[in-house]
Number of protein chains: 2
Amino acid sequence: MAVTLGDVARHAGVSLATASRALNGSARSVTEELSAKVRASADALGYLPNAPAQALARSSGATIGVLLHDVADPYFGGIARGVGDAAARAGLLSLVTSTDGDPRRELEAIRMLHAHRVRAIVLAGSAYNDVSVIQELDEALAAYQEQGGRVAAITDHGPLYDTVEVANKEGAAALTRALLDLGHRRFAVITGPERMRVAEDRLDGVLEALDESGLTPVEGMLQRTEFTREGGRAAMARIVDVARESGTPLPTAVIALSDICAAGVLAELRARDIAVPEEISVAGFDDIPLATDLAPALSTVRLPLARMGEFAVRLALREGGGRDLADNSHASAEVVLRDSTAAPGVY
Amino acid sequence: MAVTLGDVARHAGVSLATASRALNGSARSVTEELSAKVRASADALGYLPNAPAQALARSSGATIGVLLHDVADPYFGGIARGVGDAAARAGLLSLVTSTDGDPRRELEAIRMLHAHRVRAIVLAGSAYNDVSVIQELDEALAAYQEQGGRVAAITDHGPLYDTVEVANKEGAAALTRALLDLGHRRFAVITGPERMRVAEDRLDGVLEALDESGLTPVEGMLQRTEFTREGGRAAMARIVDVARESGTPLPTAVIALSDICAAGVLAELRARDIAVPEEISVAGFDDIPLATDLAPALSTVRLPLARMGEFAVRLALREGGGRDLADNSHASAEVVLRDSTAAPGVY
DNA sequence: CTGAAAGCGCTAACAT
DNA sequence: ATGTTAGCGCTTTCAG
């Protein structure tokens, strides 16, 4: 049915091997003359290589896999875009799997990607802090690597993988200091679930910066939740409720360690008629595309999402595979102050 | 290196064929006893099927491809998520390609997906109105279909494909009528590029509804631009400038036929200190996740993005492949009025 | 530089 | 019900 390399070879009057070399072979060992003839036959017949067959023969596919929580989430969407672009540049297609951060599904996804013999796997989700979970994932990835697979991680997933180091902690600390400089002293912070390393890293940055100024978040002013809009909303509600019940004054600044969460925070504050930034300053993290369009424009920490994805692919595809730590890419995090933050009490 | 089916068969003391049937075969023709033995051996050895080999042997891969403009765009991200979920449910992985709406790249992507022998291709981007472009794409897809590939389109891409029909026109008309009902009479509309069918469909809906009320947009009050934030911003700027230069009053309602555009519109209006909805009402289209968090909360038309992606996969994977028109899915569009729209002149 | 032939790992007739 | 065996389309030694 389909046109095969054999058809092309016959049409061009050359052997299968020559046709293969002319079209897809890496080694330059075909006369330009024959090569041209083959190429001509190829598109005269509308030849399209059979990728699975190539993958089988070379025992390495022309795809790269991406593991992430949710493509529809702007953070991951940005990364997926970068991975896809870099993959395309390398002539590869990208296989993306949304796991909702469920380790079981991640494990399953890794196995599938492995089965598909993807050239590399990009770990875009957060690493976990739960040892038993890590172990299973590491084992699956180790099996994959043993068979020649490359894996690159975005944010630290341990020393076994090439990693695009993201300045999560530093960024969070810088953001916190910016708020401190504005004069804030009463903070609330909303972070992700304890099991997510990224969330903990960011939190560490905040706490460290706070500590430098001799501050510690009061009981109830540190909330953990999923990195979702709804999670952020609920966390903000809890913060207000806790403050009111205990008769404590509201914090003057709340740091949500994800822009999506921050969107929820803003929504909750609006619903409660608490003015931002007049009564409470709000900051997020990631600088997703619409951060600047929120009400008010969200102060946040900018991460080069697409670039991170591209870096990861570059790391994974790099020749040799020598994994010197020095080769790890580094993604910077830049504080972007917009309208959702202001000095406390100026109004 | 890798554990193969042969290894499993040997370990279990059965033939290759039996092992194959026990593990991946569809036909129930293996004793439960042997089958169990094979499965035991399989995971004792850590067997993972070689997907490319399976694809080659069955001449059909375990992947489905998605063609879209940009995964990082919330509209497409939502669709990609739906496609990925539905694919996963069918045991497939999804290959996503961002083409930025460039026909050349789409063509290239189709060829690659075809080469990878994906089980189905989901056309998530808009169809084009340019015949010469359509033809090339249709040819590439026809070649793919001839070799057993299935294709499903989201929004109308012609009668050659299964399609998830999206109520773009109807939704746009309904939205317009809602604005009309609010009392608006001076409209501006920002749509996408002429070459995109989706943009034209939505525009048709608006114009039709306007026409029902005896209205037609004045010169300059109909702007075409890319469906991007920046495009929306620039278009809004032009609208204001045109109005001022010609001494015409500003429109009281502007309809941006994409939420992303609408975000840009809101930004421009804010920059010019034009109050929304007091001076101008603004509405978008799609209801992307953050639409409700814009300033002010954006009135729009809700599309079930993820569902659309799922439908497309279901259509494409459906047995038989009989493409009665009656089988096409239909995605409804629901008007959602939020704070960015109000009756004109009430302030 | 080119061709012949042996697989890559699996499925699917075709026997038995 | 299970085993044998011939491919699937391509890459890649190995000869020539």
Side-chain angles (χ1 to χ4, degrees), chain A residues 1-39 41-42 45-63 91 114-119 147-149, chain B residues 1-39 41-42 45-63 91 114-119 147-149:
Chain A
M1 187 94 205
V3 178
T4 71
L5 227 208
D7 299 330
V8 175
R10 198 170 315 118
H11 179 111
V14 301
S15 74
L16 223 199
T18 299
S20 170
R21 291 192 271 248
L23 262 27
N24 322 303
S26 35
R28 294 224 133 292
S29 51
V30 175
T31 342
E32 177 49 32
E33 188 192 331
L34 275 194
S35 181
K37 198 143 64 171
V38 173
R39 282 194 306 262
S41 300
L45 300 181
Y47 169 71
L48 231 45
N50 183 314
Q54 291 181 305
L56 177 55
R58 324 198 236 249
S59 66
S60 164
T63 49
H114 183 169
H116 280 261
R117 298 310 193 260
V118 295
R119 189 103 98 220
Q147 289 171 38
Chain B
M1 190 92 203
V3 178
T4 71
L5 226 208
D7 298 332
V8 175
R10 198 170 316 118
H11 179 106
V14 302
S15 75
L16 223 201
T18 299
S20 170
R21 292 191 271 248
L23 262 28
N24 323 304
S26 36
R28 297 219 132 294
S29 53
V30 175
T31 341
E32 178 47 31
E33 188 192 332
L34 275 194
S35 180
K37 198 143 64 171
V38 173
R39 283 193 307 261
S41 300
L45 300 181
Y47 169 72
L48 231 46
N50 182 316
Q54 290 182 304
L56 178 55
R58 325 199 234 248
S59 67
S60 164
T63 49
H114 183 168
H116 281 262
R117 299 310 192 261
V118 295
R119 188 102 99 221
Q147 289 172 38

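What you see below is based on every heavy atom in this structure, not just the backbone, and it leaves out hydrogens, waters and symmetry mates. Protein chains get the first letters and strands the later ones, always in sequence-line order, with residue 1 at the start of each.
Scored by the side-chain contact (heavy atoms from CB on, under 4.5 Å) test, A:Ala9 finds A:Val14, A:Ala19 as partners (sequence neighbours excluded). Partners of B:Leu16 according to the side-chain contact (heavy atoms from CB on, under 4.5 Å) rule, which considers only residues two or more places apart in sequence or in another chain, are B:Leu5. When the side-chain hydrogen bond (donor to acceptor under 3.5 Å, both in side chains) test is applied to B:Glu33, no partner is found at least two apart in sequence or on another chain.
Within the 4.0 Å cut-off from OP1 or OP2 of D:dC10, not a single side-chain nitrogen or oxygen of A:Asn24 is found. The phosphate of D:dG3 (OP1 or OP2) has a side-chain N or O of B:Ser15 nearer than 4.0 angstrom. Side-chain nitrogen and oxygen atoms of B:Gln54 include at least one within less than 4.0 Å of the OP1 or OP2 phosphate oxygen of C:dT11. Taking side-chain N and O atoms only, B:Ser20 has a distance below 4.0 Å to OP1 or OP2 of C:dT11.
Within the helix from C:dC1-D:dG16 to C:dT16-D:dA1, the inter-axis angle between the opening and closing five-pair segments is 30°, rounded to 10°.
One can place CG of B:Leu34 at 12 Å from C1' of D:dG3, the figure rounded to the nearest angstrom. Summarising the geometry, the separation between CZ on A:Arg117 and P on D:dG9 is reported as 21 Å, rounded to the nearest angstrom.
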When you compare the protein's N or O atoms with those of nucleotides 6-8 of chain D, which come within less than 3.5 Å of each other, and at what distance?
{"from": "D:dC8", "atom 1": "O2", "to": "B:Ala57", "atom 2": "N", "distance (Å)": "3.4"}

Polar atom pairs between nucleotides 13-15 of chain D and protein, under 3.5 Å, N or O only, would you list them?
none

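The nearest pair of heavy atoms linking A:Tyr47 to A:Thr4 is CE1-C, 3.6 Å. Nearest approach of B:His11 to B:Ser41, heavy atoms of both residues: CD2-OG, 2.8 Å. Here the closest heavy-atom approach between residue B:Pro52 and residue A:Ala55 is recorded as CB-CB, 3.7 Å. A:Leu48 approaches B:Arg117 most closely through the heavy-atom pair O-NH2, 3.9 Å.
Here A:Pro52 lies out of heavy-atom contact (under 4.0 Å) with every strand.
Heavy-atom nearest nucleotides on DNA chain D were determined for B:Gly13 and for A:Leu48, and the one closer to the 5' end corresponds to B:Gly13.
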